[in-house]
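Inspection log for the structure reproduced underneath, given as structure tokens.
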Amino acid sequence: MAAFCRGRHRWKNTSCLHILTRNLTGRYDYDLVVIGGGSGGLACSKEAAQLGEKVAVLDYVEPSIKGTKWGLGGTCVNVGCIPKKLMHQAALLGTAVKDSKKYGWQITGPISHDWATMAEAVQNHVRSLNWGHRVQLQDKKVKYLNVKGSLVDEHTVKGLTKAGKEMILTAKNIVIATGGRPKYPTNIPGAMEYGITSDDIFWLKESPGKTLVVGASYVALECAGFLTGTGLDTTVMARSIALRGFDQQMASLVTEYMEAYGTKFAWKCVPKRVDKLSSGALQVTWTNTGTGKEEKDTYDSVLWAVGRAPETKGLGLDKVGVRLNEETGKVLVGADESSSVPNIYAFGDIAEGRPELTPTAIKAGKLLARRLAGQSTVLMNYDNVATTVFTPLEYGCVGLSEEEAEKRHGKDAIEVYHAFYKPLEFTVAERDASQCYIKVVCERGGDQKILGLHFTGPNAGEVTQGFAMAFQCGPTYSHLMETVGIHPTCAEELTKLSITKRSGLDATVTGC
């Protein structure tokens, strides 16, 4: 038996069992143990440590079904926001190269894209972020453990290493921030055997080639967008509508632009099976629910983007009594992120009813850390959280969709101001701007409080972020009209909205 001491911690090595014991004072090993090293978990742990708490983070990435694995940082850093935005930028640059000819740039020879070069650059950047997160944890004196965590009781966590060794940690409070992973359809033969997900696409060293993207979520459309933009033959297969949960008029504009951009859409189609041919190609068979006919085609890759599932399995939640939503599998939480078990908290994608967005998890994690450290009582405000879909024509929004506003207030009680506009950048390049559109949904009476703001166009995220702050201050249509725009920008079109849908007038912006 071997043992070593560090402060009040003592490790005992007994064959494959490591036990972190407490000293005789009865105090916990840590003030806070966080299970999950994604954006939210890291933010929570670092904030707590800065406030004087003793903190440990447990993070372990199960390889995808295809064997893809990555480092510290969670979905956003490794297989989400960061690589997605970089590959989206690669696609935008391809469009810019085409536009540049109209602006006088002399480009000789054919233009082509090399996936391997892009992938290596993106993956190297992601690895630098992995290392950066580890350095930050060390600098802030947060103990990082590359182990799989599970609950023993409301103050105890068991960690399991890749080698199968166990350790026990005790903490005053435990936070679960394990996020989610992409789902595979379990009823489609060949789906798991031959398909990939967003857990894999960003780590491919070679081009995925002709690709079928199954699903019409924002993940599906964003991936299809940059695949098309980098020159790949791409088809989106959608069972029903695109961007469920978003404003459907805006969703239609996004997909219309994508179709004009070159992405193919197979609407009202449901895949039945995936077979690998002797040539190596993947033959996908599906049913067109509109015609009732069975159809098929071959692809080099099939990307499933049919939703995400919370990473709750293996956490031992049922053993300690943490309640889940039986339908979604997510942890039921209160306004303070508390679970049904005292001292156990959950937030981010794993928590029921929370937006599956990185910035909300980061903010919620920081606020939770402050409350647990006794430094604050402020709760996370999940209302009016802005977001952007990084499709070829970006879509940014904050607040209610038009459908949700009608549902809550009634159609006669809302006023919708809107405009079709043409970005100045599109003019010389002679690009079609038919889907560049702005919509502001307001209460019809009183001060005409703004309920929702929607924007499709270049740099939608940058535009929407600025207006998002106004939603924390109760913006009205009058406030918008009193704002002086920055000329010439796309964002300034929001400050000039005067046509309502109710009026039936042409909402096309003319002049500069």
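The figures here come from the full heavy-atom set of this structure, side chains too, leaving out hydrogens, waters and symmetry mates. The first residue in the sequence is number 1, and the count goes up from there.
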I'd like to know if the side chain of [X] and the backbone of [Y] have a donor-acceptor N/O pair within less than 3.5 Å.
X	Y	answer
Arg444	Asp412	yes
Asp59	Gly73	no
Asn288	Thr291	yes
Lys66	Glu193	yes
Glu492	Thr489	yes
Trp70	Val79	no
Gln248	Ala242	yes
Ser217	Ala220	yes
Ser503	Ile499	no
Thr391	Leu393	yes

Tell me whether [X] at atom [atom1] has more than 12 heavy atoms from other residues, nucleotides or ligands lying less than 6.0 Å away.
X	atom1	value
Glu326	CD	no
Gln465	CD	no
Arg323	CZ	no
Ile486	CD1	no
Glu206	CD	no

With a 4.5 Å cut-off on side-chain heavy atoms, are [Y] and [X] touching?
X	Y	result
Thr197	Tyr184	yes
Leu303	Cys223	yes
Phe426	Pro458	yes
Leu400	Val441	no
Thr360	Met380	yes
Leu232	Ser207	yes
His125	Val122	no
Cys44	Tyr345	no

Taking the six-membered ring where the residue is Trp, are the ring centres of [X] and [Y] under 6.0 Å apart?
X	Y	value
Tyr382	Phe347	no
Phe202	Phe226	yes
Tyr103	Trp105	no

Taking it one step at a time, do Val389 and Glu222 satisfy side chain to side chain contact (heavy atoms under 4.5 Å, CB included)?
-> CA-CA 7 Å; Val389 183; Glu222 288 178 338; 4.0 Å; yes
Under 3.5 Å, is there a donor on one side chain and an acceptor on the other for [X] and [Y]?
X	Y	answer
Glu415	Tyr477	no
Thr483	Thr495	no
His454	Gln249	no
Arg127	Asn130	no
Thr68	Asp200	yes

Quick one: do Asp297 and Lys210 make a salt bridge, cutoff under 4.0 Å?
->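 Salt bridge between Asp297 and Lys210, a charged N being under 4.0 Å from a carboxylate O: yes.
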Which pairs with one or both residues in residues 351-360 pass salt bridge (Lys or Arg N to Asp or Glu O under 4.0 Å), sequence neighbours excluded?
->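 For residues 351-360: Lys330-Glu356, Glu337-Arg354.
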Trp115 and His113 aromatic ring geometry - parallel, tilted or perpendicular at 30°/60° bounds |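 Because their plane-to-plane angle is over 60°, the rings of His113 and Trp115 count as perpendicular.
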Partners meeting salt bridge (charged side-chain N to carboxylate O under 4.0 Å, His left out) with Lys501 (sequence neighbours left out) =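 Only Glu402 meet the salt bridge (charged side-chain N to carboxylate O under 4.0 Å, His left out) criterion with Lys501.
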Side chain to side chain contact (heavy atoms under 4.5 Å, CB included) evaluation trace for Ile176 with Leu317 | CA-CA 10 Å; Ile176 305 167; Leu317 300 178; 3.4 Å; yes
Walk me through it: do Val214 and Val284 pass the test side chain to side chain contact (heavy atoms under 4.5 Å, CB included)?
-> CA-CA 11 Å; Val214 183; Val284 181; over 6 Å; no
Identify which one of Leu92, Asp99, Leu93 satisfies the side chain to side chain contact (heavy atoms under 4.5 Å, CB included) criterion when paired with Thr95.
->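 It is Asp99; the other options fail the test.
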